[in-house]
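Side chains are part of it too, since the values below use all heavy atoms of this structure and drop only hydrogens, waters and symmetry mates. First the proteins, then the strands, lettered A, B, ... as listed; each starts at 1.
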Amino acid sequence: MEQNFLITINNLVKNFPIGGGEFTALNGINLTFNTGEFVGFVGPSGSGKTTLLNIIGSLDTPSEGSVNVLGREVGKLNTKKAAILRRQHLGFIFQTYNLLPVYSVYENVEFPLLLLKMNASERKKAVMDALVWVGLTDKIKSRPAQLSGGECQRVAVARAMVKKPKIVLADEPTANLDAANSHNILKMMLKLNEELKTTFIFATHDDKVIKYLKRKISLEDGKVIQDEIIKTNKEK
Amino acid sequence: MIRFLLKGLLRDRNRSLMPILIVTAGVALTVLMFCYMTGVLGDMIETTANYSSGHVKMMTRAYAKNKAQVPNDLALLDVNDLLTKLHHNYPTMEFVQRINLGGLLDSPDKNRETKKQGIVAGIAVDLLSKNSKEIDRLNIRNSLRKGRFPKKPNEVLLSDEFADKLEVKPGGTVTLITSTMYGSMSIQNFVVAGTIDFGMQAMDRSGMIADISGIQNALDMNDACGEILGFLNSQNYDDIQAMNVEQTFNKKYSDEDDEFSPVMTRLKNESMMSDYFDYVDNIVGIIISIFIFSMSIVLWNTGLIGGLRRYGEVGVRLAIGEEKGHIYRSMIMESILIGIIGSFIGTIIGLGFSYWIQEVGINVGDILKNSKMMVPSVFRAKITTPAYYLGFIPGLFSIVLGTMLSGIGIYKRKTAQLFKELDT
Ligand SMILES: Nc1ncnc2c1ncn2[C@@H]1O[C@H](COP(=O)(O)OP(=O)(O)OP(=O)(O)O)[C@@H](O)[C@H]1O
Ligand SMILES: [Mg+2]
């Protein structure tokens, strides 16, 4: 049962200390994820979407319960091992693209591979592939400041995808984009999801994103209130 | 990775240019101040050496004990014999005889009665030998105010101020009243050949320079002198060499049980001078500490500002899976590079200015009233070996320290907050 899943979450509770007491942001979450899912956490503000993404991304640890990502217990990883997990297998996409301003598009995409100490020729090929996926081969030398918001987010997607991670985590990736760009990005991610079998996990309350999801997990007050598989939305 | 970081460093002017400028400025100032201090203090030491202490100095043990009283009755005897031995043992050095003397100087009127009188502090040096370097050593040529050089043993130079006080002009006669080496009274007439400015208050009040043979005559000190000064062949005082000479000489010629045996002391052991030397060492330490301290604070601040600007970058790097220690170390590597570049440029600039001050000098003679003095009136820097590397100490230390302090923030970052921080 356990190891067949990419991610297994059992009775996850996350408490935050506030004032004198504690605030329970996640309360008894049980979920599993398979390879190749295109899934989103949806729900009102404060429902715990980001908190859950954080823990799956090994940026934070559970208060109770277990979260197993690619065979590793997130709660038991020290900061070094957590960093290694992120470096090797996880990609992150943020609401505000967070590109490194002094580096070119190419260099921004290259950066995760440098951390992986990939050799130069492999690296070059991987970067170029990623830029082809997102359709930015003509902007290789541009700096982030010279790009539009949509283009920036495409660079961010390329940066997350370049190492072909097992899992990509995206928190509100479309919040700063207009409708056209949002659809663009989502189509691109869906295509990568299908071609590379990368698992995408979103946290969002954007309907544009929700329309693309193959699985929608609704959160409310730190609990899963609905977990549904959505069929046939490919033609969008 | 390193190339990647270098690219970022070069492109981000706030991260490279500003700190480099700060380091450069600090290092240039450090080097310049160091060279200046070395030069000025070195000149001071040389002046003292030339005037009174030599690089090494020989006296009788008894004379050395009472040297404040200028006890010529305890003078060195058989000086020519001793000089021959010295020349033989230390062929590269130069040795000269000196007599310091005190007494009364009497300026007579036409009737040979006392017109004016004053206490005199005289030094007798070899002014007349053909090869004597003493005239240059004491900078007499440049400090002559009136009259001319002595040409005979019975001609002397008086300080200009003293000559005025005694109302005697070049060509006039003065009478020296003092005691001979054997304790009897000595009264001898001298002709004032010219007047000079010493540039030192004590000497200007009552100074006299006389030829050694004239004074030996007057004080009945044939083949005797108060002190023998030795000068090393090097242009500047070299303590190790001097110590070596001091030790070998004392071992061979000095006898602790014989009050009249000669004893040698080197410049550094002269009471005042050892303080100078400590001062030079201290001042270097102080300059460097001050610069490290103040530049660190400035760079710490630029680092903090840089850290704020790079907050997003650090966050992304953490999220992508770079370790905190790796980021911290990469920032310190950056700072070391900046430190080296800044120190290098700063050292070149500092040396450039120092070279200029070394060659041209800062002439305080124009500022002071009398520009012709025995004491050097041109302050010169001096470039010594430490000047080439000394600046790197504050340069590197300050920026690394500044970066270490400002980078601590990286360790305080909580990865759990990254999504939130990076989403806004
Ligand atoms: N570090 C923290 N300390 C205290 N409380 C926290 C912390 N992080 C999150 N919370 C609380 O946990 C709850 C869930 O937060 P979370 O950020 O996961 O919500 P979200 O679903 O992502 O909301 P949004 O849609 O506004 O982004 C919120 O009530 C929030 O105030
Ligand atoms: Mg959120």
Side-chain angles (χ1 to χ4, degrees), chain A residues 14 16 49-55 57-61 78-104 107-108 110-118 120 123 143-144 156 159-160 162-163 165 169-173 175-176 203, chain B residues 1-20 302 305-331 333-334 337-338 407-424:
Chain A
K14 180 67 184 176
F16 290 112
K49 304 182 294 291
T50 300
T51 307
L52 188 48
L53 219 52
N54 258 335
I55 295 174
S58 77
L59 293 169
D60 206 351
T61 51
N78 58 25
T79 54
K80 184 172 175 167
K81 289 208 167 117
I84 292 171
L85 172 65
R86 291 199 298 276
R87 193 189 310 164
Q88 290 179 336
H89 300 297
L90 305 182
F92 289 86
I93 296 170
F94 308 93
Q95 178 180 328
T96 52
Y97 334 110
N98 284 296
L99 302 176
L100 307 180
V102 293
Y103 294 105
S104 68
E107 288 157 351
N108 264 283
E110 185 185 26
F111 182 64
L113 303 181
L114 291 169
L115 288 182
L116 288 173
K117 303 199 164 78
M118 189 183 276
R123 206 164 64 217
R143 297 280 176 85
R159 180 175 66 186
V162 69
K163 63 191 176 195
L169 302 168
D171 196 1
E172 316 276 10
N176 282 7
Chain B
M1 191 75 199
I2 291 171
R3 258 186 55 206
F4 186 83
L5 291 171
L6 278 182
K7 267 189 232 163
L9 190 62
L10 288 179
R11 288 179 198 162
D12 190 347
R13 294 258 167 98
N14 288 304
R15 217 159 106 202
S16 48
L17 199 63
M18 269 301 292
I20 285 178
T302 42
I305 296 165
L308 285 181
R309 283 188 325 103
R310 297 175 74 186
Y311 200 72
E313 176 194 330
V314 170
V316 175
R317 284 168 68 175
L318 285 173
I320 289 177
E322 192 169 352
E323 282 161 49
K324 287 176 176 177
H326 191 266
I327 299 178
Y328 192 66
R329 282 195 301 276
S330 78
M331 285 186 168
M333 294 303 281
E334 280 180 19
L337 188 73
I338 286 173
I408 289 170
I410 293 171
Y411 283 100
K412 297 205 184 117
R413 283 292 278 277
K414 291 218 166 61
T415 50
Q417 298 300 321
L418 286 178
F419 260 128
K420 291 200 176 99
E421 289 165 359
L422 296 175
D423 274 352
T424 42

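- Each of A:Asp60, A:Asp171, A:Ile84, A:Leu100 has some count of heavy-atom pairs under 4.5 Å with chain B, and the biggest count is that of A:Asp171.
- For B:Arg317, the parts lying under 4.5 angstrom from a heavy atom of chain A are both the backbone and the side chain.
- No part of A:Gln88 comes within reach of chain B, as not one of its non-hydrogen atoms sits under 4.5 angstrom from that chain.
- In this structure, chain B has a heavy atom under 4.5 Å from the side chain of A:Lys163, while its backbone stays farther away.
- Contact tally against chain B (heavy-atom pairs below 4.5 Å) for A:Leu53, A:Val102, A:Thr50: the top residue is A:Val102.
- The distance from atom CG of A:Leu115 to atom CD of B:Glu323, rounded to the nearest 0.5 Å, is 9.5 Å.
- Neither the backbone nor the side chain of A:Arg123 has a heavy atom closer than 4.5 Å to any heavy atom of chain B.
- Of the listed residues (A:Asn176, A:Leu59, A:Ile55, A:Thr51), the one with the most heavy-atom contacts under 4.5 Å to chain B is A:Leu59.
- In this structure A:Tyr97 satisfies the ring-ring contact (aromatic ring centres under 6.0 Å, His included) test with no other residue, sequence neighbours excluded.
- For A:Met118, the CE atom counts as densely surrounded, since its 6.0 Å shell holds more than 12 non-hydrogen atoms of other residues, nucleotides or ligands.
- A salt bridge links B:Glu334 with B:Arg310: at least one charged nitrogen is closer than 4.0 Å to a carboxylate oxygen.
- In this pair, B:Tyr411 and B:Tyr328 present their aromatic rings perpendicular. The plane angle is above 60°, beyond the 30 to 60° band.
- Contacts of A:Phe92 with chain B are made by side-chain atoms alone, with heavy-atom separations under 4.5 Å and no backbone atom involved.
- For the pair B:Asn14 (side chain) and B:Asp12 (backbone), a donor-acceptor distance under 3.5 Å is absent.
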